[in-house]
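Structure first, then comments.
Please read these numbers as outputs of a predicted model, since none were measured by experiment.
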Amino acid sequence: MRVRAVLISLVAAGSMLGTAAPALADAVGEVVVFSTEAQPLDVYRDPAGCQRLPTVAHVLTNRTDKPVKVYGNPFRLGPSLTVQPGHGTHVPGGAGSFSA
């Protein structure tokens, strides 16, 4: 009986802690992508989820408050490169993507 009471108390405490945890929020800020000198910058404000990079994308700058992952394909498959807030990276040409 005592073991059951302890188990119920642990489950109740765990459920209370689970509700106190903050929800994951979308990135706030913008991701800026430079493609060529002949094109305007692509700006993604408060990006969420997977975003496909322009075909001729060259440089990605993370001006959000969260890390951004860059992928070499549009499906977010395979290895990725993490770009911390306030940093940038060269991105693969073709059909890359990023997620915030």
Evaluate side-chain contact (heavy atoms from CB on, under 4.5 Å) for L53 paired with L60, printing each intermediate quantity in order. CA-CA 9 Å; L53 290 168; L60 177 142; 4.0 Å; yes

Taking only residues at least two apart or on different chains, which pairs with a member in residues 78-98 satisfy side-chain hydrogen bond (donor to acceptor under 3.5 Å, both in side chains)? none

What heavy-atom pair brings P47 and D26 nearest, and what distance separates the two atoms? O-CB, 4.3 Å

Using the side-chain hydrogen bond (donor to acceptor under 3.5 Å, both in side chains) rule, collect all pairs that involve residues 38-55, keeping only residues at least two apart or in two chains. T36-Q39

Heavy-atom closest contact (R76 atom, G49 atom, distance): NH1-C, 4.3 Å

Transitively linked via ILVMFWY side-chain contacts under 4.5 Å: V59 with V91? no

Closest heavy-atom contact between D65 and P85? C-CG, 3.7 Å

Of all heavy-atom pairs linking C50 and P74, the shortest is SG-O, 3.8 Å

Locate the shortest heavy-atom distance separating A57 from V33; write the atom from each residue and the value. CB-CG1, 3.7 Å

Any donor-acceptor N/O pair, N62 side chain to V83 backbone, under 3.5 Å: yes

